[in-house]
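Reviewing the structure listed below.
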Amino acid sequence: MTRRTAIVVGAGIGGLATALALARAGWDVRVLERAAGLGEVGAGLTLSPNALRALHWLGLADRLAPILSLPPYQISEDPLTGAETGRLVRGARAIEQYGVPYAFVHRADLHATLAQGLQRLNPTAIALDTAVSSVSAGADGASVTTSAGDTLEAALVIGADGLRSSVRAALLGSQTARYTGFVAWRALLDYAQAPAGTLPAGSAVTFGPGRCFVRYRLEPRQQLNCVAFAREPDWPEEDWSVPADPEVPARLFDDWHPALSALLRAAPEGRCYKWGLFDRDPIPTYAYGHLALLGDAAHPMLPFLGQGAALALEDAVVLARALGAEPDVAVALQRYDRARQPRGTAAQLESRAAGLRLHGEGESPRQVNEETLDYFAYDPAGVAI
Ligand code: FAD
């Protein structure tokens with residue numbers, strides 16, 4: 001085994017960013033992905049300035065420009081009248097204050113940008129249809145076993161296989177993720193399909209007791225991303241994301257201002273999905289000898305701060321920097337862990353609290369939100385490791 005070989009389990013946003021960061025540093029990296037094809041769900045994603053800093057460090061600034069949507073501001077709306085009740089300035093102010101924009105992106109566009117970045121350096125880095133079933137740590141490396149029975153070794157193994165991580169289960173024991181009682185319906189509409197007066201200038205958030213509705217523009221695709229959150233006592237589905245009839249959330253929002261249910265009813269067939277929101281408790285470490293956990297595999301969080309993918313991108317940068325600064329892989333992973341575990345844990349807990357705020361409990365999200373909690377200022381390229 002050569003010293004700079006790495007296996008990344010999972011080709012999500014976190015796994016691809018990690019593989020790209022390692023490949024740029026000269027590592028021989030393989031990404032093992034269980035799915036038969038590369039892709040992401042058809043939905044939007046917030047890229048706050050901390051996420052953008054990670055993507056710039058990965059050398060993707062120019063490639064991102066055509067796929068980003070840069071909102072001038074985010075408004076909050078009264079649930080009953082739709083009147084504006086608050087405004088957070090984004091746009092040029094975010095660039096002035098943070099040096100990078102606050103943006104929205106279609107998840108598939110970001111995913112493809114990361115995959116292409118990796119494939120430009122190593123066209124065969126990604127192995128599809130390859131599910132990892134177990135991992136084991138050795139003295140100077142680690143190995144993974146695939147469900148086809150193959151065993152692969154490397155100096156470094158990264159578990160970036162998401163909320164239901166097999167790598168995490170192999171290291172920590174299998175524990176079922178907890179259903180939180182929140183459901184998200186996600187719908188994507190072409191601008192032309194959105195009823196008159198429902199398109200915000202950038203983004204709009206409407207929150208009240210038990211429900212929350214977020215919508216934002218994806219300018220390069222001329223699409224509006226809508227996410228409607230509500231409490232549902234049970235999640236009877238086997239999968240955590242299922243195609244949904246938009247009439248169901250539309251009815252739930254019928255007593256709020258009419259734009260919201262009208263938008264859901266206008267969602268075209270096949271563009272509305274229902275997600276059960278699952279959660280896990282924080283773990284004390286992300287580093288296990290020559291193995292480490294990253295992204296949702298390490299710190300799965302509810303989506304209410306919009307920081308899950310952002311933290312996965314930060315993880316990738318800090319991990320690559322730690323490996324660049326420290327030749328002993330196990331020691332480098334400890335440095336990665338020390339830099340990242342406190343932030344991952346805080347984000348998991350603060351995402352839970354944000355969920356309550358956005359559903360009308362506790363302080364107003366206008367007063368306490370991901371920006372006031374200082375998520376945007378974090379610089380994964382400069383933070384001490
Ligand atoms: P994943 O994206 O889950 O990727 C894991 C990959 O591993 C997948 O490709 C999977 O197929 C593969 N895999 C799984 N098991 C195996 C195995 N055994 N072997 C091989 N491969 C395997 N975050 C933000 O930053 N901003 C937002 O605005 C935002 N909005 C969100 C809205 C909703 C409704 C939800 C549910 C989440 C949102 N998030 C957001 C969170 C974000 O989507 C996740 O945190 C992020 O995608 C995690 O990336 P990941 O790469 O760690 O995991």
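In listed order, ligands and their atoms are each counted from 1.
- Closest heavy-atom approach to atom 28 (O) of ligand 1 within the set Thr46, Val105, Val41: this belongs to Thr46.
- Any N or O atom pair closer than 3.5 Å counts here, and Val132 shares at least one such pair with ligand 1.
- No side-chain donor-acceptor contact under 3.5 Å links Thr85 and Glu77.
- Cation-pi geometry between Arg343 and Tyr378 is met: under 6.0 angstrom from the ring centre, within 45 degrees of the axis.
- Tyr102 and Phe104 have their aromatic ring centers within a separation under 6.0 angstrom.
- Ligand 1 has no nitrogen or oxygen under 3.5 angstrom from a nitrogen or oxygen of Gly295.
- Taking a cut-off of under 4.0 Å to the non-hydrogen atoms of Ala160, the atoms of ligand 1 that pass are 5 (C), 6 (C), 7 (O).
- At a heavy-atom distance under 4.0 Å, atoms from both the backbone and the side chain of Ala309 approach ligand 1.
- In this structure, of Ala316, Gly308, Pro300, the residue bringing a heavy atom nearest to atom 41 (C) of ligand 1 is Gly308.
- Considering only non-hydrogen protein atoms, atom 36 (C) of ligand 1 sits nearest to Trp275 CE3, 3.8 Å.
- From the protein, the heavy atom lying nearest to atom 7 (O) of ligand 1 is Gly10 CA, 3.2 Å.
- Cation-pi contact between Arg90 and Tyr73: absent, since separation from the ring centre below 6.0 Å together with deviation from the ring axis within 45° is not met.
- Protein heavy atom closest to atom 4 (O) of ligand 1, with residue, atom name and distance, is Gly12 CA, 3.5 Å.
- Of the protein's heavy atoms, Arg186 NH2, 3.6 Å lies nearest to atom 35 (C) of ligand 1.
- In terms of polar-atom proximity, defined here as any N/O pair under 3.5 Å, Ala310 does make such a contact with ligand 1.
- Both the sub-6.0 Å distance and the 45° axial angle are satisfied by Arg217 relative to the ring of Tyr191.
- Using a 4.0 Å cut-off between heavy atoms, Val9 contacts ligand 1 through its side chain alone, with no backbone atom that close.
- Summary of contacts: the protein heavy atom closest to atom 52 (O) of ligand 1 is Asp296 N, 2.9 Å.
- The residue from Leu171, Val135, Asp161, Val144 that alone fulfils the side-chain contact (heavy atoms from CB on, under 4.5 Å) condition with Ser166 is Asp161.
- The backbone N or O of Leu45 sits nowhere less than 3.5 Å from a side-chain atom of Arg107 that would complete a donor-acceptor pair.
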For residues 174-183, please give each side-chain donor-acceptor pair under 3.5 Å, one per line with the distance, not counting sequence neighbours.
residue: Tyr179; atom: OH; partner: Glu232; partner atom: O; Å: 2.8
residue: Thr180; atom: OG1; partner: Phe182; partner atom: N; Å: 3.4
residue: Thr180; atom: OG1; partner: Leu277; partner atom: O; Å: 2.6

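- Inclusion of Gly306 in the set of residues having an N or O under 3.5 Å from an N or O of ligand 1 is warranted.
- When each atom of ligand 1 is checked for a heavy atom of Pro303 under 4.0 Å away, the hits are 31 (C), 32 (C), 33 (C), 35 (C), 37 (C), 38 (C).
- Using 4.0 Å as the threshold, Ile13 has a heavy atom nearer than that to some atom of ligand 1.
- Summarising the contacts of atom 39 (N) of ligand 1 with Arg164, Arg107, His299, the nearest heavy atom is found in Arg107.
- Regarding atom 16 (C) of ligand 1, its nearest protein heavy-atom neighbour is Asp161 CB, 3.7 Å.
- Both tests hold for Arg164 against Phe278: distance to the six-membered ring centre under 6.0 Å, angle to the ring axis within 45°.
- For the pair Ser166 and ligand 1, the shortest N or O to N or O distance falls below 3.5 Å.
- At a threshold of 4.5 Å between side-chain heavy atoms, the hydrophobic network of Ile, Leu, Val, Met, Phe, Trp and Tyr places Leu358 and Ile75 in two separate groups.
- Rounded to the nearest 0.5 Å, atoms NE2 (His290) and OG (Ser136) are 12.5 Å apart.
- Short contacts between ligand 1 and Gly162, defined as distances under 4.0 Å to a heavy atom of the residue, involve ligand atoms 3 (O), 5 (C), 53 (O).
- The shortest contact between atom 11 (O) of ligand 1 and any protein heavy atom is with Glu33 OE2, 2.6 Å.
- When heavy-atom distances to ligand 1 are checked against a 4.0 Å cut-off, Thr130 comes that close only through its backbone atoms N, CA, C and O.
- When the side chains of ILVMFWY residues are joined at heavy-atom separations under 4.5 Å, either directly or via intervening members, Val157 and Val331 end up in two distinct hydrophobic clusters.
- Those atoms of ligand 1 with a heavy atom of Leu32 less than 4.0 angstrom away are 20 (C), 21 (N).
- Judged by the 6.0 Å and 45° rule, Arg186 forms no cation-pi pair with Tyr273.
- Using bins of under 30°, 30° to 60° and over 60° for the plane-to-plane angle, the ring pair His359/Phe229 lands in the perpendicular bin.
- Among all protein heavy atoms, the one lying closest to atom 22 (C) of ligand 1 is Arg34 CB, 3.6 Å.
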